Amino acid sequence: MTARLITDQISFFETFGFLCLRQLFSPAEMVDFTREAEALLAAHEGVRTGPTHQAVSPFVELGPTLTRLPEDDRIYLPVEQLLGPRFVWGGSEGVSGSFNATDDHNWHCDRAGQIDLQYTRIKMMIYLQPMRKETGALRVIPGSHHAPFHRRLLPLHERHVKSNLIAFGVDGPDLCCHPLETNPGDVVLFNHYLFHAVFGKQEKRRYIALKFAAEPTVEAHYDALRPHEQDAATLHDSYRRSDRPRVKGMVNKLLEWEEKSG
């Protein structure tokens, strides 16, 4: 499988706001990733936001194998095509379990209301077990990263912390959407402006998330990164001081701004 996206895939992402790249990683690679992820989660057992929910960040930066994921051709090259050659690192997380009693994560947008910046950011998900619509697969509303549609959906974000959300007159799980069902080895990526949800999470739902952003060129871009801990202040030392060319390229722009802003 070629690492680079074809023109149709780029157009699909720009139009609908997401992509699912099938079997990007082999079963043997996924065994290694899962083993290392589980070890890292176990080492940070105390980092919990609920009885069954664990979110560790930074994450891949801590592991000997996972730390190489962002510079792997199969990750790096598609991100470069979608964000441009001077894109920046946005951090990573390892997540296990569910943070509420209903196992749901209602409709929301990770970067709601910031779409006026027209500053593209991407989140990439690597699930460690099969995901199906009714058992925790990511559901997305295609095209909801475009400004007019995005703004019409903002009431969803304002109410997403409520349980049993009624969205536009229907139950949250019944809202029109596209479920991204995956198997280990698949990679899902989506525009951070895209509205998405999860319903019926598995108790052991686990994934690795990688985040990237287009080159920040104005102060407003850096201001948009900072509240989400995607600026230089939260860089892990293994990336801040890395001598690996691709990692250096992903963090140097952030370090330059840090030095400039003091």
Side-chain angles (χ1 to χ4, degrees), residues 1-40 56-95 110 120-131 137-138 140 178 180-192 194 196 205-215 230 235-236 238-239 242-253:
M1 178 179 183
T2 179
R4 290 192 176 277
L5 301 176
I6 62 173
T7 302
D8 282 348
Q9 288 175 304
I10 296 172
S11 296
F12 187 99
F13 178 81
E14 291 173 347
T15 303
F16 299 110
F18 67 94
L19 279 175
C20 188
L21 306 177
R22 300 294 182 186
Q23 294 304 287
L24 215 58
F25 297 105
S26 70
E29 288 176 305
M30 289 307 302
V31 168
D32 291 339
F33 295 165
T34 301
R35 183 184 300 116
E36 190 166 300
E38 289 178 340
L40 289 173
V56 179
S57 180
F59 192 70
V60 302
E61 298 94 320
L62 307 177
T65 300
L66 294 178
T67 191
R68 298 277 180 175
L69 271 176
E71 58 198 297
D72 187 297
D73 274 355
R74 292 164 290 182
I75 300 293
Y76 185 92
L77 294 179
V79 172
E80 183 181 50
Q81 288 178 277
L82 297 174
L83 294 179
R86 287 173 61 84
F87 71 89
V88 296
W89 175 239
S92 71
E93 58 185 342
V95 176
D110 292 343
T120 307
R121 284 159 283 179
I122 287 175
K123 189 171 186 178
M124 187 172 285
M125 315 284 282
I126 304 172
Y127 292 96
L128 304 183
Q129 64 283 308
M131 307 303 300
L138 187 72
V140 299
H178 181 72
L180 295 172
E181 298 188 329
T182 61
N183 291 309
D186 297 339
V187 174
V188 169
L189 57 95
F190 63 94
N191 186 306
H192 255 145
L194 198 72
H196 54 283
R205 176 178 178 264
R206 297 160 301 162
Y207 65 82
I208 298 165
L210 311 174
K211 289 170 277 188
F212 306 91
E215 176 188 2
Q230 292 183 282
L235 284 174
H236 189 269
S238 66
Y239 272 37
S242 178
D243 60 0
R244 305 198 304 267
R246 284 183 171 176
V247 173
K248 288 178 67 175
M250 285 188 282
V251 304
N252 277 349
K253 192 73 175 178

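These numbers come from a predicted model, not from an experiment.
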Could you give the distance from [atom1] ([X]) to [atom2] ([Y]), rounded to the nearest 0.5 Å?
X: Leu138; Y: Tyr207; atom1: CG; atom2: OH; result: 9.0 Å
X: Arg205; Y: Met131; atom1: CZ; atom2: CE; result: 5.0 Å
X: Lys211; Y: Trp89; atom1: NZ; atom2: CH2; result: 8.5 Å
X: Leu24; Y: Ile126; atom1: CG; atom2: CD1; result: 8.0 Å
X: Lys248; Y: Glu71; atom1: NZ; atom2: CD; result: 12.5 Å

Please tell me if the side chains of [X] and [Y] come closer than 4.5 Å, counting only heavy atoms from C-beta onward.
X: Leu210; Y: Val79; result: no
X: Asp110; Y: Phe190; result: yes
X: Gln23; Y: Asp186; result: yes

Pairing residues for [X] by the ring pair (Phe, Tyr, Trp, His ring centres under 6.0 Å) criterion, not counting sequence neighbours:
X: Phe13; value: none
X: Phe59; value: none
X: His192; value: none
X: Phe87; value: Tyr76, Phe212

Check your understanding: Salt-bridged, Asp72 to Arg246, with N to O below 4.0 Å?
Key ->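 No.
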Are any side-chain N or O atoms of [X] and backbone N or O atoms of [Y], one a donor and one an acceptor, separated by less than 3.5 Å?
X: Thr120; Y: Ala214; answer: no
X: Thr67; Y: Leu62; answer: no
X: Gln9; Y: Ile6; answer: yes
X: Gln81; Y: Leu5; answer: yes
X: Glu36; Y: Leu66; answer: yes
X: Asn191; Y: Ile122; answer: no
X: Glu93; Y: Val60; answer: no
X: Gln230; Y: Ala213; answer: no
X: Tyr127; Y: Glu181; answer: no

Please give me the minimum heavy-atom distance between [X] and [Y], naming the atom from each residue.
X: Glu61; Y: Gly91; result: OE2-CA, 4.1 Å
X: Met125; Y: Ala209; result: SD-CB, 4.1 Å
X: Asp73; Y: Pro78; result: O-CD, 3.4 Å
X: Pro184; Y: Pro130; result: CD-N, 3.7 Å

Practice item. For side-chain contact (heavy atoms from CB on, under 4.5 Å), just list the numbers for Val187 and Met124, CA-CA rounded to whole Å, side-chain angles, deciding distance to a tenth of an Å, and then say yes or no. Key: CA-CA 7 Å; Val187 174; Met124 187 172 285; 3.3 Å; yes
Point to revise | Contacts of type side chain to side chain contact (heavy atoms under 4.5 Å, CB included), residue Thr34, not counting sequence neighbours | key: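 Side chain to side chain contact (heavy atoms under 4.5 Å, CB included) list for Thr34, sorted by chain: Glu38, Leu128, Arg206.
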Practice item. Determine, using ring centers only, whether His178 and Phe18 are less than 6.0 Å apart. Key: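 Yes, the ring centres sit under 6.0 Å apart.
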Using residues 25-32 as the side-chain source, report each donor-acceptor pair under 3.5 Å to any protein atom, sequence neighbours left out, with the distance given to one decimal.
unit_1, atom_1, unit_2, atom_2, d
Ser26, OG, Glu29, N, 3.1
Ser26, OG, Glu29, OE1, 3.3
Glu29, OE1, Ser26, N, 2.9
Glu29, OE1, Arg74, NH1, 3.0
Glu29, OE2, Arg74, NH1, 3.3
Glu29, OE2, Arg74, NH2, 2.8
Asp32, OD1, Arg35, NH1, 3.1

